Amino acid sequence: MAILPILETPDPRLRLISTPVEAFDDDLRTLIADMLETMYDAPGIGLAAIQIGVPKRVLVIDLQEPAEEGGEPVRNPRVFINPEIFDPSAGTTLYNEGCLSVPDQYADVERPTTVRARWQDEYGAPQEAELDGLLATCLQHEMDHLEGVLFIDHLSRLKREMVLKKLEKARRARAA
Ligand code: GNR
Ligand code: NI
């Protein structure tokens with residue numbers, strides 16, 4: 001297992017369209033283990049393979065919600081291979097999103113509240129579920145990465161440029 005560097009915007013690799021997984025082999029399971037370790041280390045609640053430079057349709061998500069109020073977070077890693085979403089709800093939810101590839105910047109993004117999703121697990125077995133809450137939001141954010149889309153692309157041009165300017169300012173402050 002390895003913690004890998006996370007690509008940050010404007011790295012052009014974040015704009016690639018990821019290709020479907022065909023081989024459910026040990027290399028895939030190593031990639032998943034590395035993605036989970038990198039996500040927990042960041043820390044983040046989701047990661048797409050392209051964020052570590054691998055243009056494959058592989059996502060990991062762990063919302064790490066405490067089992068009880070004030071309790072320790074309990075790990076619940078979820079793996080989505082070749083995911084698809086359909087039947088988005090008409091109702092939408094605003095969530096203040098962030099992205100490990102746009103570090104420390106947050107903005108409200110509106111997305112369907114619930115979606116149905118189909119995907120494969122790490123052994124290739126098909127899965128299907130209706131998702132809601134933060135899991136629905138996060139899966140939609142991660143699926144955007146598979147198409148080379150970042151959450152800032154959902155903002156108005158003015159808001160996107162404000163976020164990118166703040167990111168540059170934070171980077172300059174760190175370098176100084
Ligand atoms: O850690 C993350 N938090 C988050 C918060 C709201 C909506 C989406 C996310 S995903 C993000 C990690 C990441 O960049 N995944 O691609
Ligand atoms: Ni992201």
Side-chain angles (χ1 to χ4, degrees), residues 2-21 28 31-66 72-85 88-89 91-115 117 119 122 129-156 159-160 162-164 166-168 170-171 174:
I3 295 168
L4 298 169
I6 295 174
L7 305 185
E8 296 182 3
T9 190
D11 191 307
R13 288 171 288 178
L14 290 169
R15 298 310 188 172
L16 294 174
I17 295 183
S18 293
T19 58
V21 170
L28 175 66
L31 171 65
I32 291 165
D34 289 348
M35 287 174 65
L36 284 167
E37 195 176 358
T38 301
M39 178 185 74
Y40 288 128
D41 176 71
I45 60 169
L47 193 75
I50 192 57
Q51 292 179 279
I52 55 166
V54 178
K56 289 273 174 200
R57 300 183 85 82
V58 179
L59 310 175
V60 295
I61 294 179
D62 191 334
L63 304 178
Q64 293 186 80
E65 289 165 312
E72 284 289 296
V74 177
R75 280 191 180 180
N76 180 20
R78 301 171 200 255
V79 178
F80 299 85
I81 317 271
N82 301 329
E84 290 173 43
I85 48 181
S89 59
T92 60
T93 300
L94 265 187
Y95 197 92
N96 195 243
E97 296 194 15
C99 181
L100 296 171
S101 298
V102 190
D104 303 317
Q105 308 303 318
Y106 299 87
D108 285 346
V109 177
E110 184 178 14
R111 300 186 190 269
T113 306
T114 69
V115 291
W119 68 95
E122 58 266 58
E130 167 115 7
L131 306 180
D132 62 11
L134 183 54
L135 183 55
T137 296
C138 190
L139 184 72
Q140 292 175 77
H141 171 116
E142 301 310 337
M143 291 203 44
D144 275 353
H145 280 299
L146 304 182
E147 304 301 323
V149 172
L150 300 174
F151 81 95
I152 52 174
D153 301 335
H154 293 284
L155 309 178
S156 68
K159 279 192 187 158
R160 180 167 54 252
M162 276 170 47
V163 166
L164 291 174
K166 280 202 288 173
L167 180 61
E168 274 317 305
R171 280 181 178 145
R174 220 181 315 153

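Counting begins at 1 with the first residue of the sequence. Predicted, not measured: the structure shown is a model, and the values here were computed from it. First listed ligand is number 1; within each ligand, the first listed atom is number 1.
- A distance-only check finds no donor-acceptor pair linking the side chain of N82 to the backbone of P20 [under 3.5 Å].
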Need the list: ligand 1 N/O atoms against protein N/O atoms, distance under 3.5 Å, rounded to one decimal.
from: ligand 1; atom 1: 1 (O); to: I45; atom 2: N; distance (Å): 3.0
from: ligand 1; atom 1: 14 (O); to: Q51; atom 2: NE2; distance (Å): 3.3
from: ligand 1; atom 1: 14 (O); to: L100; atom 2: N; distance (Å): 2.8
from: ligand 1; atom 1: 15 (N); to: G46; atom 2: O; distance (Å): 3.1
from: ligand 1; atom 1: 15 (N); to: E142; atom 2: OE1; distance (Å): 3.2
from: ligand 1; atom 1: 15 (N); to: E142; atom 2: OE2; distance (Å): 2.7
from: ligand 1; atom 1: 16 (O); to: Q51; atom 2: OE1; distance (Å): 2.9
from: ligand 1; atom 1: 16 (O); to: Q51; atom 2: NE2; distance (Å): 3.4
from: ligand 1; atom 1: 16 (O); to: H141; atom 2: NE2; distance (Å): 3.2
from: ligand 1; atom 1: 16 (O); to: E142; atom 2: OE1; distance (Å): 2.6
from: ligand 1; atom 1: 16 (O); to: E142; atom 2: OE2; distance (Å): 3.0
from: ligand 1; atom 1: 16 (O); to: H145; atom 2: NE2; distance (Å): 2.8

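- With respect to the salt-bridge test (charged N to carboxylate O, under 4.0 angstrom), the residues D144 and R111 qualify.
- Atoms SG and CD, on C99 and E142 in that order, are 7.5 Å from each other to the nearest 0.5 Å.
- In this structure, I3 and T38 approach most closely via the heavy-atom pair CA-OG1, 3.6 Å.
- Looking at N76 and D62, their side chains never bring a donor and an acceptor atom within 3.5 Å of each other.
- With R57 contributing its side chain and S18 its backbone, the two residues share a donor-acceptor pair below 3.5 Å.
- The environment of E130 atom CD is dense: over 12 non-hydrogen atoms of other residues, nucleotides or ligands sit within 6.0 angstrom.
- Ordered by chain and number, C99 SG, H141 NE2, H145 NE2 make up the set of protein N, O or S atoms under 2.8 Å of the Ni ion (ligand 2).
- Atom-to-atom distance recorded for L146:CG and L59:CG is 4.5 Å, nearest 0.5 angstrom.
- Salt bridge status for R15 with D153: present, with a side-chain N to carboxylate O gap under 4.0 Å.
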